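Take a look at the structure set out below.
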Amino acid sequence: MMEIFFNKFYIYIGILIIVNIIVIFVLIKLLMNKKSKEFNNRINDTNDIFKSTMDINDTFNKVLENIHKTIAYDTAISVSRDNNDFKLIQCRGEAEGLDLSNYFKEIKCSEIIKRVIDSATPYYIKDLRKAEYTKYNTQFHLLLYHMRSLLIIPIIHKENIYGVVIILGHKKSAYNQAMRANAISFVSGVAVAIENAMLFQKLRDADKMKTDFLSTVSHELRTPLTSIIGFAEMVKRKFEKSIVNMLDVEGEKNKNNVDKIRRNLDIILSEGERLSSLINDLLDISRLEEGKNRLNMGVIDIGEIINNVITLTNPIIRDKLIQVVLSITESLPNIMADGDKIMQVIINLISNAIKFTHEGCIVCSARVSGENIIVSISDTGVGIREEDKKYIFKKFSQVGDNLTNKPKGTGLGLAICKHIIEVHGGQIWVESEIGKGSDFSFSIPILRPEI
Ligand code: ADP
């Protein structure tokens with residue numbers, strides 16, 4: 001009887017122990033999952049912070065601000081690296097009052113940091129008191145004297161090391177493997193952010209170089225070209241007024257020669273003008289890209305501007321079977337904009353419409369739509385192919401084929417229009433059907449947003 005009782009007792013005890021073990025195991029698992037979720041959320045949060053900046057210094061500055069979310073420290077130091085130059089970026093915690101900048105500048109790199117850079121792997125010392133090679137002869141080493149745990153993580157992406165993050169703790173063995181893995185994962189996210197910021201900076205520098213080059217070259221070309229056009233005009237005037245009058249233009253030979261000289265002078269002048277407008281467009285676009293072409297804001301009446309542009313176009317359409325009409329059916333509010341720039345856009349769109357329309361009608365309209373005024377210039381010209389629409393607002397994009405026999409231009413007009421409209425907070429777009437015509441529209445906010 002007693003034997004049976006003891007047997008059952010042991011079985012119950014055994015079951016109880018197994019159940020307890022299972023419960024503890026499940027609890028640990030749940031806790032670990034919770035921790036890992038929390039960590040992932042923190043990593044996502046910090047990734048978002050880094051995504052929001054494309055500035056290298058800003059990214060570096062944010063490292064220590066955020067690393068404490070993944071690992072606790074008594075002191076943290078971030079150091080950037082540019083070739084073999086090291087620069088102290090920030091100290092947090094107990095190192096905040098110490099001037100460590102000279103340490104990183106002069107000695108360039110302590111042996112421990114150098115070791116991390118050379119091996120491109122994190123380095124962890126559980127107990128600094130047992131690290132026999134530490135010499136306490138600098139401020140940095142003095143700091144180490146008060147610490148026991150040291151973790152150095154390289155800011156590395158692919159093969160590029162952008163610096164290191166130094167984490168120090170008072171306690172011996174302060175950072176277990178999981179903590180170290182968390183911090184390493186965070187720092188590798190920082191490295192990606194720094195790499196992106198560097199690539200962005202390179203692109204910006206290259207773009208600036210190109211813009212500076214364009215602006216200088218265009219400027220240098222404009223001066224001699226003005227002389228060429230001016231002298232060609234003078235020669236033409238003199239030729240018409242003095243030389244033609246002295247010649248016997250009734251004679252066949254003289255008449256032919258005079259016609260030939262006249263034609264050639266006209267070519268010099270028209271090509272000169274074309275080159276001059278190309279240079280002006282180039283200067284315009286490089287200034288717009290540099291942001292030099294500041295807007296000169298004022299109250300403008302867009303209907304009046306369109307009307308003035310239509311009057312200006314009269315001499316150009318005289319030889320064509322086209323009509324340019326204004327269609328504004330409602331009263332439009334005045335808006336705040338740069339009148340000259342908006343006029344430049346309308347001139348560009350109307351002259352394109354005239355250029356690409358052989359016969360028919362060009363209708364210029366404006367209306368209020370929600371918070372914007374929409375201006376449209378529609379024509380009955382050659383039209384634009386669906387696949388070409390995405391190119392025409394890009395710089396130097398001239399589209400078309402031999403069938404449409406499009407006249408030559410600079411391919412910059414629409415890119416300039418897009419730029420001008422966008423700095424006003426609006427948009428520009430086109431609807432078109434090949435052979436039937438095009439409808440270019442742009443919107444301008446009635447109340448100008450803060451830019
Ligand atoms: P361009 O000085 O060559 O006219 P734009 O930037 O003003 O440069 O125009 C780019 C291209 O868009 C033109 O070469 C032409 O192919 C097309 N395009 C512009 N406006 C029209 C239009 N109204 N009708 C047909 N094609 C047009």
Side-chain angles (χ1 to χ4, degrees), residues 211 214 218 221-222 225 270-289 293 306 309-310 312-314 316-317 319-327 340-366 374-424 426-443:
T211 309
L214 265 184
S218 314
L221 287 175
R222 213 154 59 152
L225 188 61
S270 70
E271 288 298 287
E273 294 295 347
R274 205 161 76 83
L275 192 53
S276 161
S277 76
L278 170 65
I279 292 169
N280 285 341
D281 280 358
L282 278 172
L283 262 177
D284 248 12
I285 199 123
S286 54
R287 279 200 198 122
L288 281 166
E289 286 180 352
N293 232 335
I306 303 176
V309 177
I310 293 178
L312 285 177
T313 57
N314 282 340
I316 326 173
I317 55 166
D319 304 331
K320 283 190 154 193
L321 294 170
I322 47 178
Q323 227 190 336
V324 184
V325 292
L326 175 68
S327 160
D340 290 342
K341 293 265 172 302
I342 298 296
M343 187 162 185
Q344 189 180 348
V345 172
I346 297 171
I347 291 178
N348 241 313
L349 295 181
I350 297 184
S351 39
N352 269 354
I354 295 172
K355 194 158 64 167
F356 296 113
T357 306
H358 303 304
E359 55 182 337
C361 197
I362 292 162
V363 182
C364 309
S365 59
I374 312 264
V375 177
S376 298
I377 317 291
S378 58
D379 63 56
T380 50
V382 295
I384 300 162
R385 286 182 304 202
E386 197 52 41
E387 63 269 31
D388 291 336
K389 284 183 191 162
K390 56 178 174 294
Y391 299 117
I392 58 172
F393 292 102
K394 296 204 167 116
K395 281 181 284 182
F396 303 108
S397 294
Q398 290 179 307
V399 294
D401 52 30
N402 291 338
L403 282 178
T404 58
N405 195 20
K406 288 184 173 180
K408 286 208 159 47
T410 62
L412 282 171
L414 290 177
I416 292 173
C417 292
K418 184 169 161 19
H419 223 302
I420 293 176
I421 295 301
E422 285 176 356
V423 288
H424 277 86
Q427 283 180 324
I428 187 164
W429 65 93
V430 63
E431 284 161 37
S432 180
E433 213 177 308
I434 198 90
K436 294 211 167 143
S438 310
D439 188 345
F440 280 85
S441 304
F442 66 84
S443 64

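For clarity, every value in this text was computed on a predicted model and none was experimentally measured. For the single chain, residues carry numbers from 1 onward in sequence order. One-based numbering, in listed order, for ligands and for the atoms of each.
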Next on the checklist: I'd like to check which ligand 1 atoms, numbered from 1 as shown, lie under 4.0 Å from a non-hydrogen atom of L412.
Outcome noted: 6 (O), 8 (O)
Checklist entry - With a 4.0 Å heavy-atom cut-off (strictly under), which part of F440 contacts ligand 1: side chain, backbone, both or neither? => result side chain
Item to check | Nearest heavy atoms of I347 and S351, plus distance in Å | outcome: O-OG, 2.5 Å
Checklist entry - What pair of heavy atoms forms the shortest contact from E387 to K390, and how long is it? => result O-NZ, 3.4 Å
Item to check | Option whose closest heavy atom lies nearest to atom 25 (C) of ligand 1, chosen from D379, I434, I384, D388 | outcome: I384
Item to check | Shortest non-hydrogen contact between I416 and D281, atoms and distance | outcome: CD1-O, 3.6 Å
Item to check | Best match, I392, D439, N352, N348: closest heavy atom to atom 12 (O) of ligand 1 | outcome: I392
Checklist outcome for this item: Closest heavy-atom pair, I434 versus I384, reported as atoms and distance to 0.1 Å, is CD1-C, 4.0 Å
Checklist entry - Is there at least one pair of N or O atoms, one from L414 and one from ligand 1, spaced under 3.5 Å apart? => result yes
Checklist entry - Does S438 have a heavy atom less than 4.0 Å from any atom of ligand 1? => result yes
Next on the checklist: Would you say that K389 contacts S432 through its side chain, given a criterion of any heavy-atom pair below 4.5 Å between the two side chains?
Outcome noted: yes
Checklist entry - Which atoms from ligand 1 have a heavy atom of K355 less than 4.0 Å away? => result 1 (P), 2 (O), 4 (O)
